[in-house]
Amino acid sequence: MTVIAETYDLKGLNCPLPVLRARKRLAGMATGKQLWLETTDPLAVIDIPAFCNESGHLLVESEATPDGHRFLIERG
């Protein structure tokens with residue numbers, strides 16, 4: 001069974017807003033649900049993995065996009 005993850009557009013936001021908004025969005029989700037984060041902040045490649053590690057979420061995938069990065073996070 002394929003899990004369809006929602007996409008959360010955080011483009012145009014700079015540190016610390018992508019992490020703060022991701023934290024709030026993930027808090028309202030059930031454990032095991034997945035969420036794509038789309039960012040343009042260059043620091044997100046450091047901040048998002050650190051946030052996942054500290055918060056108990058799983059960073060499933062990370063990829064560069066033409067205008068930033070995408071992160072697939074599974075709520076822990």
Practice task
Just jot down the side chain to side chain donor-acceptor pair (under 3.5 Å) partners of E61, sequence neighbours excluded, or say none.
Solution key: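 Here no residue qualifies.
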Considering non-hydrogen atoms only, spot the tightest contact between [X] and [Y] and give its length.
| X | Y | result |
| --- | --- | --- |
| A5 | Q34 | CB-O, 3.5 Å |
| A22 | Y8 | N-CE2, 4.2 Å |
| D41 | C15 | OD2-N, 2.8 Å |
| P18 | L10 | O-CD1, 3.6 Å |
| A44 | P49 | O-CD, 3.5 Å |

Handout entry: Exam field: side chain T40 to backbone G12, donor-acceptor pair closer than 3.5 Å
Key =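 Indeed, once roles are kept as given, a pair shorter than 3.5 Å links the two residues.
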Handout entry: Side chain R75, main chain A30, donor-acceptor under 3.5 Å
Key =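 Pair absent, no side-chain N/O of R75 close to backbone of A30.
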Exercise for the section: Apply side chain to side chain contact (heavy atoms under 4.5 Å, CB included) to T65 and E38, showing your working. Expected result: CA-CA 9 Å; T65 62; E38 295 185 343; over 6 Å; no
Exercise for the section: Give, for atom CZ of R25 and atom CD of E6, the distance between the pair rounded to the nearest 0.5 Å. Expected result: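 Answer for the CZ-CD pair, R25 versus E6, is 5.0 Å.
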Handout entry: Residue among I73, L72, L35 satisfying side chain to side chain contact (heavy atoms under 4.5 Å, CB included) with V60
Key =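 Single pass found, and it is L72.
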Problem - Candidate pair L20 and L13, rule side chain to side chain contact (heavy atoms under 4.5 Å, CB included), full reasoning - result: CA-CA 11 Å; L20 295 175; L13 299 176; over 6 Å; no
Exercise for the section: Show the numbers, then the answer: is there a side chain to side chain contact (heavy atoms under 4.5 Å, CB included) between V45 and F71? Expected result: CA-CA 9 Å; V45 295; F71 305 90; 4.3 Å; yes
Exercise for the section: Taking the side chain as every heavy atom from C-beta outward, state whether V19 and I48 have any atom pair closer than 4.5 Å. Expected result: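 Yes. Closest side-chain heavy atoms under 4.5 Å.
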Exercise for the section: Taking the side chain as every heavy atom from C-beta outward, state whether F51 and L37 have any pair of such atoms under 4.5 Å apart. Expected result: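 A side-chain contact is absent here, since even the closest heavy-atom pair is not under 4.5 Å.
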